[in-house]
Amino acid sequence: MKVPFFDLTFMHSEIATELLSALERVLLSNQFILGPEVEALERELALYSGAKHAVGLSSGTDALLVALMAAGVGSGQEVITTPFTFFATAGCIARLGARPVFADIDPATFNLDPGAVAAVFEERSRKAGRPPSALVVVHLFGQCCDMDPILSEASRRGAAVVEDAAQAVGSRYKERHAGTFGAAGTFSFFPTKNLGGLGDGGMLLTSLPEVYEKSRMLRSHGSRTRYLHEIVGGNFRLDPLQAAALRVKLKRLNAWTEMRRKNARIYRALFAEQDTHGRVILPRESEDTFHTYHQFVVRVVNRESVRKRLGEKGIGTEVYYPRPLHLQPCFADLGYRKGSLPNAERACEEVLALPIFPGLGEEEQEAVVQALVECVKEA
Ligand SMILES: *Cc1c(COP(=O)(O)O)cnc(C)c1O
């Protein structure tokens with residue numbers, strides 16, 4: 001049985017008529033830049049997450065860039081983040097002339113380890129004479145970071161917290177939504193994300209009036225009044241066609257999240273019936289979090305050969321992420337080496353994401369587990 005890694009057919013067929021009429025509504029409105037659809041999505045997503053404000057932006061990457069700018073990150077500053085994430089997290093820090101400083105991850109959750117974050121704050125405060133000015137946490141694969149110790153350390157050091165919640169719309173930590181803990185939190189609407197658009201898009205959440213005002217200015221070249229530019233921004237606007245489609249999808253988000261969570265439970269039950277000789281390590285769901293399973297990521301030994309064999313059997317998988325950010329060529333001058341952040345490096349060698357999308361069938365999950373168990377025994 002062939003199983004794709006990801007497929008939108010089920011989700012889009014559920015809402016095809018509604019999607020088309022939403023797009024038609026925008027077409028007939030003749031408003032293609034900002035306007036009522038974007039404002040409505042902002043209101044709805046702020047309400048959904050429990051943030052005071054939301055700002056529609058052109059992508060998850062741009063949302064992160066705007067969040068960092070609005071939080072005051074700039075040239076010469078240091079910003080702590082994780083090396084085990086999509087490139088944009090650290091890319092945005094570097095684009096602002098700031099320096100990414102990496103703290104290692106907790107191998108059980110793949111998220112920033114609060115102890116490592118505290119150690120990096122301590123080390124940089126000593127060596128640089130002042131603590132890093134901000135911290136970007138990433139709620140990876142749909143599971144929130146352990147926010148309590150991280151927030152108290154950041155607050156003790158006077159550092160602003162920005163949350164990259166690109167993979168965590170609807171995820172919660174102690175009943176509070178991802179994206180509402182720091183000065184700002186950001187979502188991505190990349191089509192494969194849990195709330196995906198029909199192209200690029202992003203959103204910034206904040207409850208701070210000054211961050212809200214500044215983000216809105218930044219997305220339109222730093223201006224509130226036409227042709228009056230108070231700060232230097234860019235064109236970072238979410239477009240109304242995307243907003244209209246996303247409003248349709250937001251109504252289905254909780255149902256689709258439950259399908260992802262159910263698929264995760266089915267995987268756990270299926271793997272529990274198998275003897276994998278410890279060769280497949282399942283992801284840990286921590287008690288304080290509501291996991292939305294953007295990805296279901298296992299660890300396997302000999303990952304590359306396992307993945308190749310799975311591909312030959314028609315089972316789609318992905319690797320998030322094969323190379324940690326501290327070992328990317330563009331960050332060579334930051335001075336990290338192989339061995340600097342061992343937990344992240346090991347994760348990059350072992351992780352394998354299995355299909356988990358809403359619409360995935362139970363027989364398909366059985367085929368994935370069967371094939372994986374055979375492949376890890378052979379590899
Ligand atoms: C997807 C993603 C981004 C970037 O979002 P885009 O909308 O593709 O720009 C940033 N950070 C993380 C962790 C992501 O998964």
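The chain is numbered in sequence order, starting from 1. Just follow the structure's listing: the first ligand is 1, and inside any ligand the first atom is 1.
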At what distance is the nearest protein heavy atom to [atom], and which residue and atom is it?
{"atom": "atom 15 (O) of ligand 1", "value": "Gln167 NE2, 2.8 Å"}
{"atom": "atom 3 (C) of ligand 1", "value": "Phe86 CD2, 3.6 Å"}
{"atom": "atom 4 (C) of ligand 1", "value": "Thr61 OG1, 3.5 Å"}
{"atom": "atom 8 (O) of ligand 1", "value": "Phe190 CD1, 3.8 Å"}

Worksheet entry | Heteroatom distance test (Asp200, ligand 1): nitrogen or oxygen, under 3.5 angstrom | no
Worksheet item: Should Val138 be counted as touching ligand 1, given the test is an N or O pair under 3.5 Å?
Response: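 In this structure, Val138 places no N or O atom under 3.5 Å from an N or O of ligand 1.
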Discussion item. With a cutoff of 4.0 Å, is Lys193 in contact with ligand 1, counting heavy atoms of the residue only?
Written reply: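 It does, in that a heavy atom of Lys193 comes within the 4.0 Å cut-off of ligand 1.
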Discussion item. Using only atom types and a distance under 3.5 Å, with no angle test, would you say the side chain of Asp239 pairs donor to acceptor with the backbone of Phe32?
Written reply: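 Looks like no, no N/O pair under 3.5 Å.
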Those atoms of ligand 1 less than 4.0 Å from some heavy atom in [X]:
{"X": "Gly60", "result": "5 (O), 6 (P), 7 (O), 9 (O)"}
{"X": "Thr85", "result": "13 (C)"}
{"X": "Ala166", "result": "2 (C), 3 (C), 10 (C), 11 (N), 12 (C), 14 (C), 15 (O)"}

I'd like to know if [X] pairs up with [Y] as an ion pair, taking the criterion as any Lys NZ or Arg NE/NH1/NH2 lying under 4.0 Å from an Asp or Glu carboxylate oxygen.
{"X": "Glu362", "Y": "Lys262", "value": "no"}
{"X": "Glu163", "Y": "Arg176", "value": "no"}
{"X": "Glu78", "Y": "Lys127", "value": "no"}
{"X": "Glu312", "Y": "Arg309", "value": "no"}
{"X": "Arg307", "Y": "Glu304", "value": "no"}

Worksheet item: Taking C-beta and beyond as the side chain, do Gln242 and Leu198 meet within less than 4.5 Å on heavy atoms?
Response: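 Gln242 vs Leu198: side chains touch.
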Discussion item. Is it true that Ser286 and Asp288 share a donor-acceptor pair across their side chains at a distance under 3.5 Å?
Written reply: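 There is no such pair between these side chains.
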Worksheet item: Which bit of Asp164 gets closer than 4.0 Å to ligand 1, counting heavy atoms only: side chain, backbone, both or neither?
Response: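 Under 4.0 Å from ligand 1, Asp164 contributes side-chain atoms alone.
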